Amino acid sequence: MKRKVYIYKAYERFWHWTQAFLVLFLAFTGFEIHGSFEFFGFEHAVVYHNAAAVSFMILIVFTIFWHFSTGEWKQYVPTTKNIKAQVQYYLFGMFKNAPHPVHKTELSKLNPLQRIVYFLLKVVFIPLMVISGVLYMFYRYPHNGDIAGINMEGLSTVAALHTLGAFIMIAFVIVHLYLITTGTTVFTNLKAMLTGYEELEDEPKQTKQ
Amino acid sequence: MCDKSYNKKTCKHVFLQYTYYFFMKKIFIILIIINAILVSGIIYFTKHQKQVDALQLLQESYSKPHTPSVDHTKFEILQKKFNSPQEVTAACLSCHTERGKEVMNTRHWKWQNEEYIEGRGLTNLGKKNILNNFCIGIGGNEQSCNRCHAGFGWADSTFDFHNQHNIDCMVCHDNTGEYFKQSGGAGNPDPSVNLNKVATQVGKPLKANCGYCHFYGGGGNNVKHGDLEDAQLNCSRDVDVHMAKTGINMECVDCHTTEKHVISGKMYSVSSTNTNRLSCTQCHGNTPHELSIINEHTVKVACQTCHIPTYAKANATKMTWDWSTACKLKNGEPYHEEDSLGNHTYLSEKGTFTWGKDVKPEYVWFNGTADHYMFGDKVDTTKPIAMNTLRGSYNDPAAQIVPVKVHRANQLFDPVNGRMIQPKLFDKEKGKGALWKDFDFDAASAAGMKYIGQPYSGTYTFVQTESFWPLNHQVAPKEQSLSCKECHSTNGRLANLNDFYLPGRDQHAGVELFGMLSIILSFIGIAIHASLRIRAHKRQQTESKTIEQ
């Protein structure tokens, strides 16, 4: 039996889409600063990038609050349970039209691979971008006289980390955009993230797969 | 947005449904508005309140003409007939009793100053004991070079620096514009100058007074500096915002203020220490830009770097000078060649030149201290010899990136003694070894080195030299200042300043490779996965069809 479930709440969708926009906008302006192409012009790209970075950090603060106040953080705790089955599903099962190995519910929206990836995103890659970004932003120049700032020998390391993180984020977005098409139908997941509602199978009986 | 299970009508319905959910939730709208306010607020507050008030006050004060407190025509002592320029100075000193001592304590008089130079210690250094890469040096050539000395009669090393009457007050204070010094006259005025007229019309130094030497040094207009030339006597704001006749029309001494005849500001072709310098911030403040990120640049980037995009804007400046081709004669006579702009490209006396107009500066780190080639220094000829060295690096807290004119030359060198040669260039008579009369490098080298008391082996060759001229004038209107991209890009203006990471210019090869690979591999993985999925999907369809049949 299928039932319609309100799986992504309003704030979650707001967070998701704002973050999606900001990540893309930061990547776009960031790579212009990086010298990959020209669109806004360097000066504007820097100003927009910094402004978007600050709004991203504000969003992060609200979202951290949301994670803990709603208990949603539990959804992102990595688990090794079913991880092999999930890998096998993506590598083989999917091509044999096998069913999803992990059942999706309101209390467990993410499969074990998603848990690991989003967990890494939350505790490694986004913090990497934020910390290196803040250092980049508030870095002035070494041993400066008048303007107080963070004293570093130069931007080299910070810039390398920030760029590295940016490439990883882009790779994530590319793969993410592809993997959202692997729901029940191609658009199931996208629809769910837009409307909040998704049709989920009822809890399966305790039968072996 | 629709999969096969929906027909067109339901598709539209679903779309409306999305829109409904998206906008019905008030929380969305509220949060979006909050975010929009925050973003625009951040953009707004990154703009910094400009320090305009002080600058406007200055502009007003500079636009008021100076009214002298004294009319020198009314002084009886200046009415008498002057038979020598020294008599004029004596008359000046009869009222301005202490000014002579002041002047005799300045570089304009001594052409030397005791300064601490790293690696040398306390050193008495100046035109008396350094070499440059234009006319090389004054030793033995005083009659010609010392036309620009603020004194009368410094023709050789016997000149009396303690005689106040040898001070030339008029070259700086003449307001008639008629005073000039005799060519080859060792600083004496030209005999045609009406000394009485000049002596009664003296005042604050004008641009033309300073320019008399500082525009024409090196043997012609704009030869040396590149950013100081006679076009600045009457130019537009495009050439020089400060000195523009149509703009604020500032005099040199408006910025180069003077205390006891010691003029503020340094020229590092002869100076060495980070003292008594002028800076833009004295009028413009430390944070003159709206964007704080631009203000922060000034920690490492001098104002001049962005605000002097090019120099030699009105007239060309000398960029290279090859002495090795000098001394060629046509029918036993010296000759010259000119380019289309009328600049000398060849002179038998001096060799071959190239000129540059509207030149983009080169950029170096500079902490305000410099070193110079001094008589007797032994040099390393494996690289161009710096006639003056501007010190600094990225890691030097006092250093900023500054724009410079680099003048490159090929000049006389004694390979046996490892020293640069001071040739004797000027003499009024032939046969005394002067290059400009006898056209003999060997004789000129022998005579010049003997004069300055340095050994000469009898062998000469030519070596590459460089001199660095920090650019401070010909500041462009703000609209013409450099855009970010001029430096924040590969092959930009700072392409050769590689001791630091510059966003937009520098990339880490490893990071780039990793990044590109991860993106490419993502796409390849997706392509393979997607094609397998499509194949599986098709197989399923055929299977279900077979079942139906």
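Chain letters run A, B, ... following the sequence lines, proteins first, then strands; residues in each count from 1. As the structure is a prediction and not an experimental result, all values here were calculated from the model. Every heavy atom of this structure was used, including side-chain atoms; hydrogens, water molecules and symmetry mates were not.
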Task: Greatest number of heavy atom pairs closer than 4.5 Å to chain B - which of A:Thr163, A:Thr181, A:Val175, A:Thr18 - done: A:Thr181
Open item on the list: With a 4.5 Å cut-off on side-chain heavy atoms, are B:Ile293 and A:Asn50 touching?
Closed with: yes
Open item on the list: Can you tell me how far apart CG (B:Asp506) and CG (A:Leu155) are? Round to the nearest 0.5 Å.
Closed with: 10.0 Å
Task: Contacting region of B:Arg539 [heavy-atom separation from chain A under 4.5 Å] - done: side chain
Task: Heavy atoms from other residues, nucleotides or ligands near CZ of B:Arg277 exceed 12 (cutoff 6.0 Å) - done: yes
- [ ] Report, as yes or no, whether the 6.0 Å neighbourhood of atom CD on B:Glu118 holds more than 12 heavy atoms from other residues, nucleotides or ligands.
- [x] no
- [ ] Taking B:Tyr501 for its side chain and A:Ala160 for its backbone only, find out whether a donor-acceptor pair lies under 3.5 Å.
- [x] no
Open item on the list: Rounded to the nearest 0.5 Å, what separates atom CG in A:Leu161 from atom NE2 in B:His508?
Closed with: 8.5 Å
- [ ] Looking only at non-hydrogen atoms, find the nearest pair between A:Glu32 and B:Lys485 and report the distance.
- [x] O-NZ, 4.4 Å
Open item on the list: For the interface with chain A, which of B:Ser489, B:Gly510, B:Pro503 has the highest count of heavy-atom pairs at distances below 4.5 Å?
Closed with: B:Pro503
Task: Spatial distance of atom CD1 (A:Ile174) from atom CD1 (B:Ile519) [nearest 0.5 Å] - done: 5.0 Å
Open item on the list: Checking the side chain of A:Glu43 only, and the main-chain atoms of B:Ser483 only, is there a donor and an acceptor separated by less than 3.5 Å?
Closed with: no
TODO: Give, as side chain, backbone, both or neither, the part of A:Leu59 having an atom under 4.5 angstrom from any heavy atom of chain B.
DONE: neither
Open item on the list: Can you tell me how the ring of B:His488 sits relative to the ring of A:Phe42, calling it parallel under 30°, perpendicular over 60° and tilted otherwise?
Closed with: parallel
Task: Where A:Leu164 and B:Val511 come nearest, the two heavy atoms and their spacing - done: N-CG1, 3.7 Å
TODO: Please flag which part of B:Phe500 lies under 4.5 Å from any non-hydrogen atom of chain A: side chain, backbone, both or neither.
DONE: neither
Task: Approximate separation, where rounding is to 0.5 Å, of B:Ser522 OG and A:His176 NE2 - done: 13.5 Å
Open item on the list: Using modelled atom types and a 3.5 Å cut-off, is there a donor and acceptor pairing between side-chain atoms of B:His529 and backbone atoms of A:Tyr90?
Closed with: yes
- [ ] Compare every heavy atom of B:Phe514 with every heavy atom of A:Ile168, then report the nearest pair and how far apart it is.
- [x] CG1-CE2, 3.8 Å
TODO: Could you look at B:Ala398 and say if it's the side chain, the backbone, both or neither that has a heavy atom under 4.5 Å from chain A?
DONE: neither
